[in-house]
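Below is one structure, written out as structure tokens, with a few remarks after it.
Per chain, numbering begins at 1; letters A, B, ... match sequence-line order.
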Amino acid sequence: MLPSLQFYNSLTRTTEPFQPIEAPTVKLYVCGPTVYDFPHLGHARCYMSWDVLVRTLMLFGYTVTYVRNITDVDDKILARAEAQSTTPEAVAELNTQRFHEDMQALNTLSPTVEPKATDHIKGEHGMFAMIETLIAKKHAYVTATGDVNFETATMADYGKLSKRPPEAVQAGARVSVDADKRHPSDFALWKANPEDSYAWNPPEGLAFQGVKRGRPGWHIECSSMIRTVLGETIDIHAGGADLIFPHHENEIAQSECCSGKTPFVRTWMHNGFVNVDGEKMSKSLGNFSTIRDLLEHYPANTLRYFILTNHYRMPVDFTPEALDAAHNWSVKFSIFMTQLLPTFPAMAETLPAWEDETARALLQSQLPEFLEALASDLNTPRALASVNGLVKQLRKAETVTEKQSLLTVLLIALQVLGFRVADFLQIDTENGEQQSNRPTLDEFISAFSTALSAEQVALFQTAEAWESGVLALRAEAKRAKNWALADAIRSGVEKLGGAMTDTPQGSSISW
RNA sequence: GGCGACAUGGCCAAGUGGUAAGGCGGAAGUCUGCAAAACUUCUACUCCCCAGUUCGAAUCUGGGUGUCGCCUCCA
């Protein structure tokens, strides 16, 4: 028996057994990015966490309809377009591409469907259609300026997700008072801005009621895309913890009042935030790192390990020390894999499938604690602990058969967690620094001038020749048991920032 | 003011009633010409504080202290 999947549901604030409406299909919606800038570490955490959710669901035999949107209409996109004298469409397109590149670099699975907000303004379940229904059902009203607001007072259980009834919002000190709102907690479904070029004309029915040309409010897009792509009730809706209020709260209000069906979402899942030195990482504080900056210094596997050593609901404090600790693990693990994998070329070539019946059965018999950890609300720290235990076992394994069987399990587990196995084999070329770190010809010459004779120095004309030449000279020195020269050559390499490692098969240099 | 989260060894981090996972770092030893890696062993009588419930609590209850988040765009 597979352990039963349990997820923490933000709506009920308890951990519940997971049961999709139409097993084996799981309808999953993840709030995607607003594409106005490079994705940052916070996005990496969020989307890697949900990546593991998708992989876990697949491992447990579900077919996941994974929908993750692109928010391509938003004030920040408009502001960026203006600042860069370009169009909002161009800003959105550029940053969507960056997002895709980064997600791929982080080895996250692509969503089944990736809807764009602007493609869902019109249409049968588009934003206009929903707005029209909400007005007809008296849940929304048109203002004098041509906006449409949702009237929170018309929903009896408004605030059930964030436990924040309208009265509480009213008491909040920082809620801006909008004269057009009947209640401070009412929120915009449609924002009129007739003068702006990036705007949509309402259909006749809405125009007749006074709705003016403009653009959608922030929350309606997700409701509309979910309705269109997945339907009125979905299994899981996931996103960052900061979206609980107001975004997800308002999604619930719109969707449930529009369809008249409850619940709109059966399980709400939210990931914790990335902090820097104990403070939330945010654009306004300027303390964020972009994914590509980080990938310049650390391979994707290191970032993934760093993220997965924390449970997804806990805040993560981002410090150089913590990332270095993760990287040290990565390096050690890479060395291990580099030594082990080549002895099983067939497996390295074609990795075992990780999401099928066979993989499941293998994990269940060989590494049950791994499955249990993931089933317990995606406890990736515990899953990683079981992987480490497996590695220890594998290191001690003596027979080829034993090694092969343990390695199969390991390769499956790594893939379930979203590690890119091939990257572990090329960590030195993968950390992006080999270009800048590899010494030049002059640097080689000056580093070895004391260790080598003038004739030896003159032998090599290029940096590449130096590298292989140095290895050859050192091999010769070792053969002659000239330890002084062998050590001098190694310290020369170290002086250049490299590391020379001896193995029974010979020496190698990593930069 | 309202809602919420978290406090575990040098650092990171699991554990939600049965006597402290895992990683990083550190120490000693084995191995190797020396390094590196690996291997072996060690590295929290104790889980922010106080009181209570219990045969038994890091885990439950009450109180306190501290840190952080949301309530405004944010993953």
Side-chain angles (χ1 to χ4, degrees), chain A residues 10 13 15 30-34 36-37 39-50 71 74-76 79 159 161-165 167-176 184-185 218 238-247 249 270-275 278-285 288 305-306 308-311 313-317 319 321-336 338-339 369 373 376 379-389 391-392 395-396 477-478 481-484 486-487 490-491 494 499-504 507-508 510:
Chain A
S10 306
R13 305 198 176 182
T15 302
V30 172
C31 270
T34 301
Y36 70 102
D37 204 351
H40 55 70
L41 179 58
H43 294 103
R45 201 233 173 148
C46 174
Y47 299 119
M48 277 199 226
S49 298
W50 306 129
T71 297
D74 174 272
D75 289 349
K76 291 187 292 296
L161 178 67
S162 59
K163 305 286 183 284
R164 220 185 295 253
E167 311 84 80
V169 175
Q170 190 171 29
R174 293 193 287 173
V175 172
S176 60
S185 68
W218 174 33
D242 61 329
L243 297 178
I244 293 174
F245 188 89
H247 187 54
E249 193 69 73
H270 293 96
N271 64 279
F273 267 62
V274 176
N275 296 327
E279 282 203 308
K280 178 177 166 175
M281 185 173 94
S282 73
K283 292 276 166 137
S284 50
L285 289 170
F288 62 94
Y305 185 84
F306 170 67
L308 297 187
T309 47
N310 291 70
H311 184 85
R313 283 195 281 120
M314 297 291 107
V316 173
D317 200 21
T319 61
E321 293 76 22
L323 205 53
D324 283 342
H327 192 58
N328 288 343
W329 176 89
S330 232
V331 169
K332 282 189 183 182
F333 189 71
S334 288
I335 291 168
F336 165 70
T338 310
Q339 288 167 352
E369 63 273 27
S376 309
N379 195 324
T380 51
R382 235 164 68 200
L384 283 172
S386 78
V387 167
N388 282 321
V391 169
K392 208 168 222 174
R395 286 187 146 129
K396 287 181 185 166
K478 283 182 68 178
K481 294 199 192 300
N482 184 349
W483 306 128
D487 288 349
R490 184 166 57 202
S491 70
E494 281 165 4
M500 175 165 275
T501 310
D502 297 339
T503 69
S507 305
S508 65
S510 52

(message) How would you summarise protein contacts on nucleotides 14-27 of chain B per nucleotide, using B for base, S for sugar-phosphate only and - for none, with heavy-atom distances below 4.0 Å?
(response) SS-----BSSSS--
Using a 4.0 Å heavy-atom cut-off, does [X] contact any base of the nucleic acid, only the sugar-phosphate backbone, or nothing at all?
X: A:K481; value: nothing
X: A:R45; value: nothing
X: A:M48; value: nothing
X: A:Y47; value: sugar-phosphate
X: A:L243; value: sugar-phosphate
X: A:V387; value: nothing
X: A:G240; value: sugar-phosphate

May I have the distance from [X] (atom [atom1]) to [N] (atom [atom2]), rounded to whole angstrom?
X: A:I335; N: B:A35; atom1: CD1; atom2: P; answer: 17 Å
X: A:L161; N: B:G4; atom1: CG; atom2: P; answer: 12 Å
X: A:N275; N: B:G69; atom1: CG; atom2: C1'; answer: 8 Å
X: A:F273; N: B:C73; atom1: CZ; atom2: P; answer: 13 Å
X: A:D242; N: B:G4; atom1: CG; atom2: C1'; answer: 14 Å
X: A:E249; N: B:G4; atom1: CD; atom2: P; answer: 13 Å
X: A:N482; N: B:C34; atom1: CG; atom2: C1'; answer: 13 Å
X: A:H247; N: B:C71; atom1: NE2; atom2: C1'; answer: 16 Å

(request) Just say parallel, tilted or perpendicular for the rings of A:H43 and A:H40, cut-offs at 30° and 60°. (result)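 Judged by the thresholds at 30° and 60°, the geometry between A:H43 and A:H40 is tilted.
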Can you tell me, in whole Å, how much space there is between the [atom1] of [N] and that of [M]?
N: B:U8; M: B:G1; atom1: P; answer: 26 Å
N: B:A20; M: B:C47; atom1: P; answer: 12 Å
N: B:A57; M: B:C48; atom1: P; answer: 15 Å
N: B:C68; M: B:A37; atom1: C1'; answer: 40 Å
N: B:C6; M: B:G17; atom1: P; answer: 15 Å
N: B:C24; M: B:U19; atom1: P; answer: 26 Å
N: B:G62; M: B:U67; atom1: P; answer: 23 Å
N: B:U46; M: B:G10; atom1: P; answer: 13 Å

Is a donor on one side and an acceptor on the other found under 3.5 Å between the side chain of [X] and the backbone of [Y]?
X: A:T71; Y: A:T34; answer: no
X: A:N271; Y: A:G240; answer: yes
X: A:E369; Y: A:S386; answer: no

(request) Give the C-alpha distance, both sets of side-chain angles, the deciding distance and a yes or no for side-chain contact (heavy atoms from CB on, under 4.5 Å) between A:H270 and A:I244. (result) CA-CA 8 Å; A:H270 293 96; A:I244 293 174; 3.4 Å; yes
(request) Give the minimum heavy-atom separation between A:N310 and A:P381, together with the two atoms involved. (result)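 Scanning both residues, the minimum pair turns out to be C-CG, 3.8 Å.
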(message) Whether A:R490 and A:D502 form a salt bridge (side-chain N of Lys/Arg under 4.0 Å from carboxylate O of Asp/Glu) is what I want to check.
(response)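 So A:D502 pairs with A:R490 through a salt bridge.
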Please list each protein N or O that sits under 3.5 Å from an N or O in nucleotides 30-33 of chain B, with the distance.
unit_1: B:G33; atom_1: O6; unit_2: A:R474; atom_2: NH2; d: 3.2
unit_1: B:G33; atom_1: N1; unit_2: A:D487; atom_2: OD1; d: 2.9
unit_1: B:G33; atom_1: N2; unit_2: A:D487; atom_2: OD1; d: 3.1
unit_1: B:G33; atom_1: N2; unit_2: A:D487; atom_2: OD2; d: 2.6

(message) Judged by each residue's nearest nucleotide on RNA chain B, which is more toward the 5′ side, A:M500 or A:I244?
(response)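 That would be A:M500.
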(message) Requiring both pairing distances under 3.5 angstrom, list the stems that contain RNA chain B and are made of three or more consecutive Watson-Crick or G-U pairs.
(response)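 Consecutive-pair runs (3 or more) involving RNA chain B: B:1-7 with B:65-71, B:10-12 with B:22-24, B:25-30 with B:38-43, B:48-52 with B:60-64.
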Between [options], spot the one nearest the side chain of [X], thanks.
X: A:R395; options: B:C39, B:C71, B:U40; value: B:C39
X: A:K163; options: B:U40, B:C3, B:G69; value: B:C3
X: A:R13; options: B:C70, B:A38, B:C3; value: B:C3
X: A:E279; options: B:G69, B:A75, B:C70; value: B:G69

(message) Going by the rule side chain to side chain contact (heavy atoms under 4.5 Å, CB included), which residues pair with A:S376 if we only count those two or more places apart in sequence or in a different chain?
(response)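 Side chain to side chain contact (heavy atoms under 4.5 Å, CB included) list for A:S376, sorted by chain: A:R382.
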(request) Just jot down the side chain to side chain contact (heavy atoms under 4.5 Å, CB included) partners of A:D75, sequence neighbours excluded, or say none. (result)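 By the side chain to side chain contact (heavy atoms under 4.5 Å, CB included) rule, A:D75 matches A:L78, A:K191, A:R215.
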(message) On the nucleotide B:C12, are OP1 or OP2 found under 4.0 Å from the side-chain N or O atoms that A:T319 carries?
(response)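 No, no such contact exists.
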(request) Examine B:A5: is either OP1 or OP2 under 4.0 Å from a nitrogen or oxygen in the side chain of A:R313? Give yes or no. (result)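 No, no such contact exists.
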(message) According to salt bridge (Lys or Arg N to Asp or Glu O under 4.0 Å), who are the partners of A:R45, at least two apart in sequence or on a separate chain?
(response)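 Here no residue qualifies.
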(message) Once rounded to the nearest 0.5 Å, what's the spacing between atom CG of A:N328 and atom CZ of A:F333?
(response)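 Spacing of CG (A:N328) from CZ (A:F333) equals 15.0 Å.
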